[in-house]
Each structure stands twice: as C-alpha cells, then as structure tokens.
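Position 1 is the first residue of the sequence, and the numbers go up from there. This structure is a prediction, so every number in the text was calculated from the model and none was measured.
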Amino acid sequence: MSRSCDVCGKGNISGNNVSHSNRHTRRSWSANIKKVKAVVNGSPKRISVCTRCLRSNKVERAI
C-alpha cells in the first residue's frame with residue numbers, strides 16, 4: 001500500500017532531524033492516510049484518503 005492520498009496526491013515528505021548539537025539526520029513524515037469505503041463512479045470502492053480530504057468532504061462516503 002502506498003502512503004499517498006488517492007484524492008489529492010498527498011504523500012510522504014522528507015527533511016532532517018536536528019539534534020541539540022545541530023547534527024542533521026534524514027527522516028520522513030508520512031501523511032495521515034485512512035482506508036475508507038467511498039463512492040467512486042457510482043459504485044462503492046475502498047480507497048486511501050488523507051484525513052484533510054475526509055474532513056473537507058472531498059469524498060462521498062459509502063455506507
């Protein structure tokens with residue numbers, strides 16, 4: 001499973017951990033992805049959606 005949103009495409013981003021002594025090591029932040037059942041082209045389908053898209057009603061949830 002890829003850690004990216006099927007609606008907006010949000011995925012992992014990378015950056016640095018910075019310690020107190022200012023040493024830099026690479027790290028990544030993953031998007032908050034949830035598997036939801038949504039209506040896609042009139043039929044229910046399970047997709048990966050970020051919580052921002054869920055909160056802003058960009059997907060129609062299937063029950």
Side-chain angles (χ1 to χ4, degrees):
M1 173 185 121
S2 65
R3 295 284 297 177
S4 63
C5 179
D6 291 335
V7 177
C8 67
K10 182 186 289 187
N12 292 344
I13 60 169
S14 61
N16 288 311
N17 273 335
V18 181
S19 69
H20 184 68
S21 62
N22 210 29
R23 293 174 69 102
H24 288 62
T25 54
R26 298 298 285 179
R27 65 157 292 180
S28 65
W29 289 266
S30 55
N32 192 0
I33 303 292
K34 304 293 181 191
K35 286 265 198 187
V36 297
K37 193 184 287 189
V39 176
V40 179
N41 295 329
S43 62
K45 185 178 177 184
R46 192 165 293 278
I47 59 175
S48 299
V49 181
C50 69
T51 54
R52 178 63 62 98
C53 289
L54 284 175
R55 195 173 70 188
S56 60
N57 293 324
K58 291 187 179 178
V59 293
E60 183 183 348
R61 298 285 298 263
I63 298 173

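Each of Asn32, Val59, Ile33 was compared with Val49 under the side-chain contact (heavy atoms from CB on, under 4.5 Å) criterion, and only Val59 meets it.
Annotation for Arg23: atom CZ does not count as buried by contact number, only 12 or fewer foreign heavy atoms lying within 6.0 Å. Shown here is Arg27, whose CZ atom has more than 12 heavy atoms of other residues, nucleotides or ligands within 6.0 Å.
The line from NZ of Lys37 to CZ of Arg61 is 10.5 Å long, rounded to the nearest 0.5 Å. Atom CG of residue Asn41 and atom OG of residue Ser43 lie 6.5 Å apart, to the nearest 0.5 angstrom. Rounded to the nearest 0.5 angstrom, Arg52 CZ and Cys8 SG are separated by 9.5 Å. Summarising the geometry, atom CG belonging to Asn12 is positioned 8.5 Å from atom OG belonging to Ser4; distances are rounded to the nearest 0.5 Å. Taking CG from Asp6 and NZ from Lys35, the interatomic distance works out to 7.5 Å, rounded to the nearest 0.5 Å. Expressed to the nearest 0.5 Å, how far CG of Asn16 lies from CZ of Arg26 amounts to 5.0 Å.
With sequence neighbours excluded, no residue satisfies side-chain contact (heavy atoms from CB on, under 4.5 Å) with Ser28.
Contact between Gly11 and Ala31 at its shortest, heavy atoms only, is O-CB, 3.8 Å.
Under a hydrophobic clustering in which Ile, Leu, Val, Met, Phe, Trp and Tyr are joined whenever their side-chain heavy atoms come within less than 4.5 Å, directly or via other members, Val36 and Val39 fall into different clusters.
Cluster partners of Val18: none. The rule joins Ile, Leu, Val, Met, Phe, Trp and Tyr whenever side-chain heavy atoms lie under 4.5 Å apart, and it links nothing here.
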